[in-house]
K.L.:
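Right, I'll just put the structure down here and ask away after.
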Amino acid sequence: MAAPTSAGGFRVPAARAGAESPGSGDLPEGEQPAPPGDLRSVLVTSVLSLEPLDLDLFRGRHYWVPVTRRLFGGQIVGQALVAAAQAVSEDAHAHSLHCYFVRAGDPTVPVLYQVERTRTGKSFSVRSVKAIQHGKPILICQASFQQTQESPVQHQFTMPTVPPPEELLSQEELIQKYLQDPNLVEKYRLGLNKILAQEVPVEIKPVNPPEIFCQLSQEPKQLFWVRARGYIGECDMKLHCCVAAYISDYAFLGTALLPHWQHPVKFMVSLDHSMWFHAPFRADHWMLYECESPWAGGCRGLVHGRLWRRDGVLAVTCAQEGVIRVMQSPAESKL
């Protein structure tokens with residue numbers, strides 16, 4: 001039987017009861033092969049699955065909508081990369097993407113993805129994607145793909161030294177811990193329960209979680225282990241890049257707010273998002289997400305991110321700028 005296709009045509013190995021997980025013989029330390037009958041990651045089966053309508057035209061639907069009731073930017077970026085990847089050869093691998101969010105996404109209607117084959121070269125190919133709703137683009141994406149090439153010019157930063165994910169609490173476990181506090185204010189309790197009720201397809205384990213509702217300014221840096229919820233397995237590397245595009249936008253821009261707890265947020269939304277893919281990785285294996293914000297001002301915040309494999313290899317670099325509008329204290333009277 002042919003392997004099933006998911007995420008707009010990517011070939012993904014089947015998961016069946018009693019089947020040995022692909023690549024399970026060389027899993028990273030601490031990673032477990034998929035148990036018999038394990039369900040595939042919803043990021044593959046639903047979130048990043050596109051319906052082909054015509055040549056280079058696709059339709060995407062939604063899985064998880066944040067409490068803001070706007071479409072999650074990571075999903076639009078991931079789906080745009082899925083669409084772009086359908087228009088290149090199988091041996092071309094995504095190495096970068098650059099996106100602009102130009103309108104808020106409407107969670108009540110599907111998104112159309114229109115691909116333009118901008119250039120196909122011997123080594124590099126560029127594809128342009130427009131994500132469209134109500135006849136207008138909500139995102140514009142340029143994605144570049146490269147044929148595999150060896151080079152003696154190689155270097156990378158050193159991965160931060162942090163506890164392994166097995167020694168840390170998940171985001172859900174931390175929230176459960178906070179909810180056990182008898183002094184927790186009711187409005188915060190309702191907010192935490194609302195977060196728990198969301199079916200987010202990403203697993204997160206913060207390395208240094210702050211005390212709940214910390215009243216002290218923090219350095220604009222955070223580290224957390226992250227992976228897709230569920231099993232993806234060995235498959236086309238472009239699919240793992242698409243999943244990483246989804247994951248990379250989760251909790252990313254919030255890094256710029258860490259030093260500014262005293263300003264309640266009125267409005268926060270991504271303006272652009274860029275990614276560079278450096279080395280093969282598995283998006284369903286734990287990766288360390290290192291996030292930092294070098295600058296904020298003019299109602300904008302800039303964040304940089306690095307996704308590290310457990311073996312210390314730098315797999316992905318990310319950058320994003322977003323609008324951040326906060327409540328300001330009333331100006332003091334000069335009388």
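Position 1 is the first residue of the sequence, and the numbers go up from there. What you see below is based on every heavy atom in this structure, not just the backbone, and it leaves out hydrogens, waters and symmetry mates.
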K.L.:
Please report the shortest heavy-atom distance between H304 and A319, naming the atom on each side.
P.N.:
CD2-CB, 4.0 Å
K.L.:
Do R325 side-chain atoms and C299 backbone N/O form a donor-acceptor pair below 3.5 Å?
P.N.:
no
K.L.:
Between H93 and C241, does the side-chain contact (heavy atoms from CB on, under 4.5 Å) criterion hold? Intermediate values first, please.
P.N.:
CA-CA 9 Å; H93 303 283; C241 290; over 6 Å; no
K.L.:
Does the plane of the ring in F277 sit parallel, tilted or perpendicular to the ring in F281? Use 30° and 60° as the thresholds.
P.N.:
parallel
K.L.:
Run H278 and V313 through side-chain contact (heavy atoms from CB on, under 4.5 Å) and show every step you take.
P.N.:
CA-CA 9 Å; H278 310 308; V313 171; over 6 Å; no
K.L.:
Taking all atoms of both residues into account, what is the closest heavy-atom pair of G233 and H240, and its distance?
P.N.:
O-NE2, 2.9 Å
K.L.:
Between D272 and E321 (side chain of the first, backbone of the second, donor and acceptor by atom type, cut-off under 3.5 Å), is there such a pair?
P.N.:
yes
K.L.:
Just by modelled atom types, is the R61 backbone N or O under 3.5 Å from a matching donor or acceptor in the Q75 side chain?
P.N.:
yes
K.L.:
Write down the atom of W308, the atom of P160, and the distance for their closest heavy-atom approach.
P.N.:
NE1-CD, 3.7 Å
K.L.:
Check whether L302 and L257 end up in the same hydrophobic cluster, where Ile, Leu, Val, Met, Phe, Trp and Tyr are linked by side-chain heavy atoms less than 4.5 Å apart.
P.N.:
no
K.L.:
Output, in order, the C-alpha distance, side-chain angles, deciding distance and verdict of side-chain hydrogen bond (donor to acceptor under 3.5 Å, both in side chains) for T255 and S293.
P.N.:
CA-CA 6 Å; T255 309; S293 175; over 6 Å; no
K.L.:
Kindly work out whether a path of hydrophobic side-chain contacts (I/L/V/M/F/W/Y, heavy atoms less than 4.5 Å apart) joins V326 to M268.
P.N.:
yes
K.L.:
When you check the gap from the basic side-chain N to the acidic O, do K205 and E173 get nearer than 4.0 Å?
P.N.:
no
K.L.:
Counting C-beta onward and ignoring hydrogens, is there a side-chain heavy-atom pair between L307 and V226 closer than 4.5 Å?
P.N.:
yes
K.L.:
Would a single hydrophobic cluster contain both F101 and F267, if residues Ile, Leu, Val, Met, Phe, Trp and Tyr are joined by side-chain heavy-atom contacts under 4.5 Å?
P.N.:
no
K.L.:
Please check: side-chain N/O of R309 versus main-chain N/O of P280, any donor-acceptor pairing under 3.5 Å?
P.N.:
yes
K.L.:
How long is the span from the OG1 atom in T317 to the CE atom in M275, to the nearest 0.5 Å?
P.N.:
9.0 Å
K.L.:
Measuring from atom CD of E203 to atom OH of Y250, what distance do you get when rounded to the nearest 0.5 angstrom?
P.N.:
12.0 Å
K.L.:
Where do L168 and V207 land on the side-chain contact (heavy atoms from CB on, under 4.5 Å) test, with the steps shown first?
P.N.:
CA-CA 7 Å; L168 301 171; V207 172; 4.2 Å; yes
K.L.:
Among the clusters formed by ILVMFWY side chains lying less than 4.5 Å apart, do V265 and V303 turn up in the same one?
P.N.:
yes
K.L.:
So do the side chains of T148 and D91 get within less than 4.5 Å of each other, counting heavy atoms only?
P.N.:
no
K.L.:
Which of these, L81, V129, L71, D249, sits in a side-chain contact (heavy atoms from CB on, under 4.5 Å) with I76?
P.N.:
L71
K.L.:
Which atom pair, heavy atoms only, marks the closest approach of R127 to R117?
P.N.:
CD-CA, 3.6 Å
K.L.:
Whether the side chain of R103 engages the backbone of P137 through a donor-acceptor N/O pair (distance < 3.5 Å, no angle test) should be reported.
P.N.:
yes
K.L.:
Could you tell me whether a side-chain N or O of Q133 sits under 3.5 Å from a main-chain N or O of V109, the two making a donor and an acceptor?
P.N.:
yes
K.L.:
Is it the case that the side chain of R300 and the backbone of V323 share a donor-acceptor pair, with hydrogens and angles ignored and the cut-off at 3.5 Å?
P.N.:
no
K.L.:
Within the side chain of Y289, is there an N or O that forms a donor-acceptor pair under 3.5 Å with the backbone of S248?
P.N.:
yes
K.L.:
State, with a plain yes or no, whether a side-chain heavy atom of F224 is found less than 4.5 Å away from one of P209.
P.N.:
no
K.L.:
For a 4.5 angstrom cut-off between non-hydrogen side-chain atoms, does Q79 reach L48?
P.N.:
yes
K.L.:
Can you measure from OG (S144) to CG (L97) and round to the nearest 0.5 angstrom?
P.N.:
10.0 Å
K.L.:
Could you please spell out the steps behind the side-chain contact (heavy atoms from CB on, under 4.5 Å) verdict for D284 and S41?
P.N.:
CA-CA 8 Å; D284 55 347; S41 168; 5.9 Å; no
K.L.:
If I compare all heavy atoms of A251 with all of Q222, which pair ends up nearest, and what's the gap?
P.N.:
O-NE2, 3.1 Å
K.L.:
Start with the C-alpha gap between H285 and W225, add the side-chain angles, then the distance that decides, and say whether ring pair (Phe, Tyr, Trp, His ring centres under 6.0 Å) holds.
P.N.:
CA-CA 10 Å; H285 287 175; W225 291 98; over 10 Å; no
K.L.:
Per the ring-ring contact (aromatic ring centres under 6.0 Å, His included) rule, which among W276, F124, F145 passes with H95?
P.N.:
F124
K.L.:
Would the distance check show the side chain of Q86 and the main-chain N or O of V115 forming a donor-acceptor pair, the cut-off being under 3.5 Å?
P.N.:
no
K.L.:
Is there a donor-acceptor contact under 3.5 Å from the side chain of H98 to the main chain of Q142?
P.N.:
no
K.L.:
Considering all heavy atoms of both residues, which atom of P201 and which atom of L43 are nearest to each other, and what is their separation?
P.N.:
O-CD1, 3.6 Å
K.L.:
Is there a path of hydrophobic side-chain contacts, each under 4.5 Å between heavy atoms, that joins I140 and Y113?
P.N.:
no
K.L.:
What's the spacing between L112 CG and E51 CD if we round to 0.5 Å?
P.N.:
9.5 Å
K.L.:
Can you establish whether the number of heavy atoms outside Q114 located under 6.0 Å from its atom CD is more than 12?
P.N.:
no
K.L.:
Considering only NZ, NE, NH1 and NH2 on the basic side and carboxylate oxygens on the acidic side, decide whether E290 and K221 come within less than 4.0 Å.
P.N.:
no
K.L.:
First locate atom OG of S217, then atom NE2 of H260, and finally report the distance between them rounded to the nearest 0.5 Å.
P.N.:
7.5 Å
K.L.:
Which value, rounded to the nearest 0.5 Å, describes the distance between E90 atom CD and K238 atom NZ?
P.N.:
6.5 Å
